[in-house]
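Notes to accompany the following structure.
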Number of protein chains: 2
Amino acid sequence: MAVTIKDVAKRANVAPSTVSRVIANSSRISEKTKERVREAMKELGYHPNFNARSLANKSTKTLGIVMPNSAKIAFQNPFFPEVIRGISMKAYQEGYGLYLSTGQTEEEILEEVEQMVYGGRVDGILLLYSRVNDKVMPFLIEQNFPFVLIGRPYNIDEDQVTYVNNDNFKAAKTVTEYLMLLGHERIGFIGGNLNFVVTIDHMKGYEQALSNANIPLRKDYIVHHEELQEGGQDAVIELMSIEQRPTALIVADDIMTFGVLKMLADMNVKVPGDMSIVSFNNVMISELSSPTMTTVDIHIYELGFEATKCLIGKINEPNFSVKKVIVPHKLVKRESCK
Amino acid sequence: MAVTIKDVAKRANVAPSTVSRVIANSSRISEKTKERVREAMKELGYHPNFNARSLANKSTKTLGIVMPNSAKIAFQNPFFPEVIRGISMKAYQEGYGLYLSTGQTEEEILEEVEQMVYGGRVDGILLLYSRVNDKVMPFLIEQNFPFVLIGRPYNIDEDQVTYVNNDNFKAAKTVTEYLMLLGHERIGFIGGNLNFVVTIDHMKGYEQALSNANIPLRKDYIVHHEELQEGGQDAVIELMSIEQRPTALIVADDIMTFGVLKMLADMNVKVPGDMSIVSFNNVMISELSSPTMTTVDIHIYELGFEATKCLIGKINEPNFSVKKVIVPHKLVKRESCK
DNA sequence: GTGAAAGCGCTAACAC
DNA sequence: GTGTTAGCGCTTTCAC
């Protein structure tokens with residue numbers, strides 16, 4: 001059996017509670033006793049038991065990370081690793097551990113979240129997606145459980161949730177305007193899954209920019225796809241089959257853009273000569289495409305970092321006021337636009 | 001306060017222990033009582049507390065995932081998301097949760113692992129890397145703590161550790177032979193960090209193949225780089241500066257190959273016309289490069305899945321015999337070789 | 001088949 | 001400043 005607080009107490013000739021106080025570094029313990037106790041801990045090789053502590057404390061010092069169908073599509077996208085990197089950094093700084101959701105379907109995920117909450121597995125939750133008709137967020141709100149959303153709540157009172165997001169509407173609008181400034185009027189839009197709020201925001205920004213410029217919206221210029229790699233390729237086929245082809249493309253995601261570039265190359269359409277492309281995210285490999293892609297850097301790492309900061313704040317201050325953090329984006333101009 | 005086993009017991013007119021047995025679905029409880037208890041649980045909205053259970057049980061039903069400096073380099077590589085996808089799947093199937101390491105340096109990671117082990121945070125550990133002079137593995141062995149390595153132990157008695165790996169030596173050898181069959185004799189090698197065992201194995205396979213073919217090894221054809229994206233590009237500069245340039249390249253990682261392709265394109269070196277390339281991993285976007293890359297599919301998902309299977313086996317059967325699992329690899333021929 | 005009670009290792013009143 | 005003690009919510013002997 002492992003060495004416990006009691007063993008240490010005996011060894012140091014103090015009460016268990018004193019040892020506990022030394023662990024917590026209570027100011028009410030004299031330096032002398034602290035030293036004595038610490039020495040005893042060293043000698044015996046004492047290490048606190050997390051479960052006991054969590055049970056007594058009702059605090060686990062771990063954060064739950066909830067991803068959309070964790071195993072299937074999510075992880076194909078470098079967005080998630082990168083956002084977790086940001087989370088990880090802040091969590092480590094603050095002494096928190098990370099617990100990962102593993103469910104595949106929406107139901108499984110909801111079940112897992114319930115376990116995390118009811119089972120006292122985590123102190124707070126980071127929601128890495130925001131989906132239309134999501135069940136998880138309403139549950140968390142109803143339970144009044146600390147959580148932070150990366151993204152934007154949809155069909156839910158914004159005042160009820162703390163979230164960290166980009167201004168995706170504006171980003172898409174800017175990007176569209178940028179293409180128009182370059183002289184493009186026939187701008188195609190390759191969006192992601194319409195169940196994700198980010199997709200909706202992108203589309204609205206695109207529409208708004210066109211409308212402001214009095215360019216009529218063409219439904220056939222808009223294609224949505226869930227799959228990242230094939231998605232991009234399929235979309236290109238659709239768009240290039242239109243009689244009056246677009247001269248520029250806005251693509252939801254850099255990874256998709258790889259597929260788009262590939263397909264265009266196969267079709268012998270030159271980028272940026274015959275087709276300009278701009279996309280979103282600026283993941284690491286975005287600068288490794290040929291041509292390198294112009295894309296919106298959404299500062300993924302920061303999204304994770306900030307969200308974690310908010311969450312830990314919420315956990316520590318019970319009546320932490322609801323907060324919205326908008327992480328700025330930045331258009332990174334490379335070679336794919338003309 | 002949440003509803004506990006006692007509340008359920010009262011409601012169902014049984015003892016707490018009975019409720020516990022119903023949860024465990026003990027065969028010694030009559031169907032009638034089971035029904036009654038379950039109904040009470042439903043009515044009260046009972047959910048078991050994990051920490052209490054773990055404390056009493058000495059089992060957490062969670063697995064620790066340990067990555068090399070989690071936040072920095074690791075996650076840039078799609079290898080990790082993909083292997084976690086495999087882990088995640090098996091873990092979910094078996095009712096295990098996942099706990100992620102967040103440390104940045106080797107020391108931090110060792111500390112975290114100690115916490116996981118001593119603190120009873122996890123039932124077992126998945127080591128996602130195998131590094132020369134690693135401290136974590138010796139610790140785990142010394143503690144006799146259940147763990148499975150993805151990769152191959154180095155400088156450690158193989159009989160002491162269960163591991164899941166590819167035959168990286170053979171893969172590299174095959175790949176080299178493949179290039180030689182295509183007529184290449186001047187084959188460059190762009191390897192990863194030499195502290196990782198996989199790099200060593202790749203190199204040995206490469207050397208062996210050359211030696212078998214009586215082609216002298218040229219040190220200047222071998223370059224190592226840690227960074228995935230710039231790494232590839234830097235390496236190309238080095239190799240292309242050699243008077244007698246290689247005509248083929250073996251690259252440690254698909255992501256690196258993106259950098260290599262980019263740089264070669266910039267230098268106006270045609271692939272596969274002037275240079276053949278083959279790399280390792282076959283991550284999702286590997287089929288989206290131009291030209292598409294020939295690469296060794298190492299079945300990353302399976303590595304994670306199998307390792308998790310082994311680990312859970314080890315956890316459940318105390319004297320589970322040490323096991324080595326070699327996941328087969330497969331050369332995926334695409335357009336980058338000639 | 002079911003109940004009573006001890007105990008997992010720790011924290012936090014409450015005493016002194 | 002430090003000790004005593006009662007839990008935290010669950011499992012698991014040991015009775016009956």
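Per chain, numbering begins at 1; letters A, B, ... match sequence-line order.
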Just compare [options] and give me whichever is closest to any side-chain atom of [X].
| X | options | value |
| --- | --- | --- |
| A56(A) | dG1(D), dG7(D), dT11(D) | dG7(D) |
| T4(A) | dC10(D), dT2(D), dC10(C) | dC10(C) |
| I5(A) | dT11(C), dG9(D), dA4(C) | dT11(C) |
| L55(A) | dA5(C), dC10(C), dG9(D) | dG9(D) |
| N57(B) | dG9(C), dC8(D), dT11(D) | dT11(D) |

Check your understanding: Looking only at heavy atoms, what is the nearest atom pair of N166(A) and I326(A), with distance?
Key ->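 Smallest interatomic distance, heavy atoms only, reads C-CG2, 4.2 Å.
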Review point. Any idea which heavy atoms bring Y46(B) and I5(B) closest together, and the distance?
Key: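 Smallest interatomic distance, heavy atoms only, reads CE1-N, 3.6 Å.
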Review point. When the nearest nucleotide of DNA chain D is assigned to P16(B) and to A52(A) on a heavy-atom basis, which residue is associated with the more 5' position?
Key: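 By nearest-heavy-atom nucleotide position, the 5'-most residue is A52(A).
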Review point. At under 4.0 Å, does any side-chain N or O of S30(A) touch on OP1 or OP2 of dT2(D)?
Key: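 S30(A) to dT2(D) OP1/OP2: side-chain N or O found under 4.0 Å.
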At under 4.0 Å between heavy atoms, what does [X] touch on the DNA or RNA strands: base, sugar-phosphate, or nothing?
| X | result |
| --- | --- |
| D7(B) | nothing |
| Y46(B) | sugar-phosphate |
| T33(B) | sugar-phosphate |

Exercise for review: For E43(B), enumerate each residue passing the side chain to side chain donor-acceptor pair (under 3.5 Å) test, keeping only those at least two apart in sequence or located in another chain.
Suggested key: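 E43(B) satisfies side chain to side chain donor-acceptor pair (under 3.5 Å) with R11(B) only.
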Check your understanding: Separation of R53(A) atom CZ from dC8(C) atom P, in whole Å?
Key ->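 Distance check: R53(A) CZ to dC8(C) P gives 18 Å.
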Exercise for review: Provide, to the nearest angstrom, the distance between the NZ atom belonging to K61(B) and the C1' atom belonging to dC10(D).
Suggested key: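 Answer to the nearest Å: 16 Å.
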Exercise for review: Please check if the distance between the ring centroids of Y118(A) and F139(A) is under 6.0 Å.
Suggested key: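 Yes, the ring of Y118(A) comes within the 6.0 Å limit of the ring of F139(A), centre to centre.
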**Study point:** SB check K42(B) E39(B) (cutoff 4.0 Å)
**Key:**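 Result for this pair is no, no salt bridge flagged.
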Review point. Salt bridge or not for K309(B) and E306(B), using N-O below 4.0 Å?
Key: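 A salt bridge is present here (some side-chain N lies under 4.0 Å from a carboxylate O).
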Point to revise | No-H, no-angle donor-acceptor pair, S17(B) side chain to dA5(C) base, under 3.5 Å | key: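 Counting by modelled atom types and ignoring angles, no donor-acceptor contact under 3.5 Å is found here.
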Check your understanding: Does V14(B) or F50(A) map to a spot on DNA chain C nearer the 5' end, using the closest nucleotide for each?
Key ->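 Closer to the 5' end of DNA chain C: V14(B).
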Point to revise | Stretch residues 19-28 of chain A: residues that reach within less than 4.0 Å of DNA chain D through a heavy atom | key: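 Per residue number, the list reads R21(A), R28(A).
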Review point. In Å, rounded to the nearest 0.5 Å, how long is the span from NZ of K324(B) to CG of L149(B)?
Key: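 Here the rounded value is 11.0 Å.
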